[in-house]
Amino acid sequence: MRSAKPNGWGWGAVVSILAVAGFFGYRAALVTADAPPEPSPPAFVVPAGGPAPTALVDSSIAYQGRLVDSGGSPVNGTKTLTFRLYNASSGGSLISSSSQTVSVSDGVFNATIGVPQWIFDGTALWVEVQVAGDSSPMLPRQKIQPVPYALGLVPGAAMSTDRGWAGLSSYSFGGSQGGGIGLYGYSSTGQAGVFGYGSSANGVYGTSDTGDAIYGYAVGDGASAILGYSSNGYGVYGTGRHYDGVYGESDRASGVKGVSEAGYGVSGYSSTGSAGVYGSHYGTGYGVFGNSFSGSGVYGHSTTGFAGVFARNDGSGRGVYGQSTSGYGGYFYSDNYRGLYASSSPGYYSGYIVNRGGSSFPGLYVDGTLSASGGKSGYVVDLATNVGPEALETGDVVVIVGSDNPVIGEIPLVRVRRASEAESRAVAGVVDQPFAVDAATIGGTPPVPSAPAARRADGTSIPAGGHFSMVTLGSFRAINVDASYGEIQPGDLLVTSPHAGYAMKATSPAVGTVVGKALGSVISGTGQIPVIVTLQ
């Protein structure tokens with residue numbers, strides 16, 4: 001291998017690449033050309049762990065050669081050599097270039113070629129050597145051959161082990177970014193930067209003493225920060241002793257998304273007082289969002305005395321908000337205790353129910369016995385049907401005719417007509433407002449409380465055969481009264497009168513004839529006043 005010099009003599013070299021060692025650091029004499037930028041992963045703290053090395057190997061190549069003159073005699077002294085790396089045996093692109101002065105003894109010299117770490121990506125490389133003062137480099141270029149087992153690091157290489165531990169183990173103890181990355185995977189296509197698969201164990205397993213066990217970052221539309229799949233074990237399993245086992249974050253999509261065809265999409269477990277699954281959202285969205293096409297959107301389970309699902313809101317919003325397009329907005333069930341428990345601080349309602357349909361639907365439906373240990377505000381009604389010939393109006397006094405088959409559960413339907421006799425012992429109550437009854441469910445129990453068999457309808461007129469709510473106890477807004485049978489004052493007992501549908505003042509009423517007590521006064525004629533219905 002020779003090259004001519006201007007003075008008529010040249011150089012020859014017999015060279016060998018001894019080793020490729022290390023992947024860290026740059027040499028001061030290094031000059032690079034057309035170096036692609038390294039991918040920039042998001043910065044995060046890398047947890048400490050493992051034995052810290054006393055020194056790190058750099059990314060240089062040991063190079064040894066024998067330099068002779070044009071006559072074949074060995075050269076002695078010091079010479080400045082330039083080493084260039086190309087991606088082809090001739091032509092091609094210059095990858096890097098470095099120069100150094102070496103000591104030559106009997107033609108033999110040793111050099112260390114400083115190269116950047118990123119060039120060792122599996123691309124074939126050739127080294128070209130030129131002696132300072134020579135007009136051209138020595139030819140041909142020499143191909144850099146790998147140490148045999150270094151072939152396990154080229155793209156597409158497969159690594160295996162039967163030692164019962166990792167096929168590849170990578171550590172980082174810091175770096176120029178203030179925290180290195182133990183293992184970094186990058187993909188510019190639709191494939192995974194790092195892909196983990198386990199046929200009977202964990203596809204990806206991450207553990208951390210203080211930081212994130214697994215950290216995933218995705219910037220593409222619809223891309224998953226972490227995607228794990230397992231045919232028999234965990235798709236992704238994370239354990240953190242002092243922090244999050246699995247932490248997911250996304251600007252527009254799901255921070256962590258779990259999908260399952262048979263089991264849990266996302267399952268969270270905690271053995272301490274912290275959360276098994278914790279969700280946080282700083283915008284107008286959801287801290288935790290669960291979606292299911294046939295099962296539970298979010299399922300919480302607890303084996304201790306605390307909550308299966310715990311929700312808290314420190315602002316003016318809702319601790320728990322349930323909404324449904326066709327079923328229950330909220331459904332509660334217990335095998336051995338209360339299905340629903342509500343409590344509040346003093347001065348506030350423990351339960352507050354708002355009927356958005358106004359008077360068209362009941363605010364609360366109870367299928368079973370209703371028990372209360374405190375007071376009750378408002379009046380009590382029973383469902384009745386008008387069997388008289390004329391229509392009924394709110395405030396009419398009615399009397400019992402008999403009963404009919406239930407239209408809600410097993411509660412008998414009271415048959416009534418407008419009262420027309422004085423001091424009738426059959427007095428039943430005062431007309432409240434009409435109900436519309438779904439004939440398809442008459443005699444049965446309503447399937448759901450939000451759609452009972454009977455519901456309040458608009459208007460006040462109840463025709464013959466119509467259903468309505470009848471006040472049988474409590475303070476009610478109106479009762480028809482006739483003062484022609486005696487002036488009525490607050491506190492007077494009221495009984496039925498000969499005037500159909502009207503009550504009158506009682507003087508010495510018989511037992512069972514009192515409708516209630518007047519809360520207003522009528523001096524003469526007829527009118528409507530508030531009343532406390534007592535039926536005694």
Side-chain angles (χ1 to χ4, degrees), residues 329-330 338-386 392-400 406-414 416 419 427-437 446 449-462 466-481 488 490-495 501 503 514-521 527-536:
R338 300 178 176 94
L340 173 64
Y341 177 84
S343 178
S344 68
S345 300
Y348 297 94
Y349 296 114
S350 293
Y352 183 76
I353 299 174
V354 177
N355 182 7
R356 296 300 182 187
S359 62
S360 298
F361 294 91
L364 175 66
Y365 174 84
V366 178
D367 185 4
T369 302
L370 178 63
S371 299
S373 61
K376 177 196 73 69
S377 177
Y379 55 90
V380 177
V381 299
D382 283 283
L383 193 62
T385 182
N386 179 18
L392 298 176
E393 302 288 339
T394 299
D396 279 348
V397 181
V398 292
V399 293
I400 297 172
V407 294
I408 298 181
E410 298 180 357
I411 303 173
L413 179 65
V414 185
V416 299
V427 63
V430 181
V431 175
D432 178 19
Q433 55 186 315
F435 263 63
V437 175
S450 61
R455 61 185 185 275
R456 292 182 180 180
D458 297 330
T460 58
S461 180
I462 298 99
H467 299 82
F468 66 97
S469 56
M470 175 179 62
V471 182
T472 55
L473 181 66
S475 300
F476 184 58
R477 65 183 182 273
I479 184 174
N480 295 333
V481 292
I488 299 174
D492 287 340
L493 296 176
L494 301 175
V495 294
V514 175
V515 180
K517 288 190 175 184
L519 293 177
S521 61
Q528 280 192 340
I529 60 173
V531 62
I532 298 179
V533 178
T534 58
L535 294 182
Q536 58 187 356

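In what follows, every heavy atom counts, from backbone to side chain, and hydrogens, waters and symmetry copies are set aside. Bear in mind the structure is a predicted one, so any value in this text is a computation, not a measurement. Position 1 is the first residue of the sequence; numbering continues from there.
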task: Determine the sole option in Val398, Val381, Val533, Val430 for which the side-chain contact (heavy atoms from CB on, under 4.5 Å) test with Met470 is passed.
output: Val398
Would you compute the distance between atom [atom1] of [X] and atom [atom2] of [Y] and round it to the nearest 0.5 angstrom?
| X | Y | atom1 | atom2 | answer |
| --- | --- | --- | --- | --- |
| Lys517 | Leu493 | NZ | CG | 6.0 Å |
| Leu413 | His467 | CG | NE2 | 5.0 Å |
| Ile529 | Ile488 | CD1 | CD1 | 5.5 Å |

Just wondering, do [Y] and [X] contact through their side chains at under 4.5 Å, heavy atoms?
| X | Y | answer |
| --- | --- | --- |
| Phe435 | Leu383 | yes |
| Val495 | Val427 | no |
| Ile479 | Val481 | yes |
| Arg477 | Thr394 | yes |

Quick one: closest heavy-atom pair of [X] and [Y], and the distance?
| X | Y | answer |
| --- | --- | --- |
| Ile411 | Pro406 | O-CB, 3.1 Å |
| Ala503 | Leu494 | CB-CB, 4.2 Å |
| Gln528 | Ala478 | OE1-CB, 3.6 Å |
| Ala428 | Leu535 | O-CD1, 3.2 Å |

If the condition is side-chain contact (heavy atoms from CB on, under 4.5 Å), which residues does [X] pass it with, not counting sequence neighbours?
| X | value |
| --- | --- |
| Ser344 | Tyr348, Ser350 |
| Asp396 | Leu392, Glu393, Arg418, Val431, Asn480 |
| Leu473 | Val380 |

- prompt: Do Ser521 side-chain atoms and Pro490 backbone N/O form a donor-acceptor pair below 3.5 Å?
  reply: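 No, because the side chain of Ser521 does not come within donor-acceptor range (under 3.5 Å) of the backbone of Pro490.
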- prompt: Residues in ring-ring contact (aromatic ring centres under 6.0 Å, His included) with Tyr349, at least two apart?
  reply: Tyr352
Partner set under ring-ring contact (aromatic ring centres under 6.0 Å, His included) for Phe468, not counting sequence neighbours: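 Scan of Phe468 (ring-ring contact (aromatic ring centres under 6.0 Å, His included), adjacent residues dropped) gives none.
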message: Just to verify, what does Asp382 make a side chain to side chain donor-acceptor pair (under 3.5 Å) with, not counting sequence neighbours?
response: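 Residues passing side chain to side chain donor-acceptor pair (under 3.5 Å) with Asp382: Thr472.
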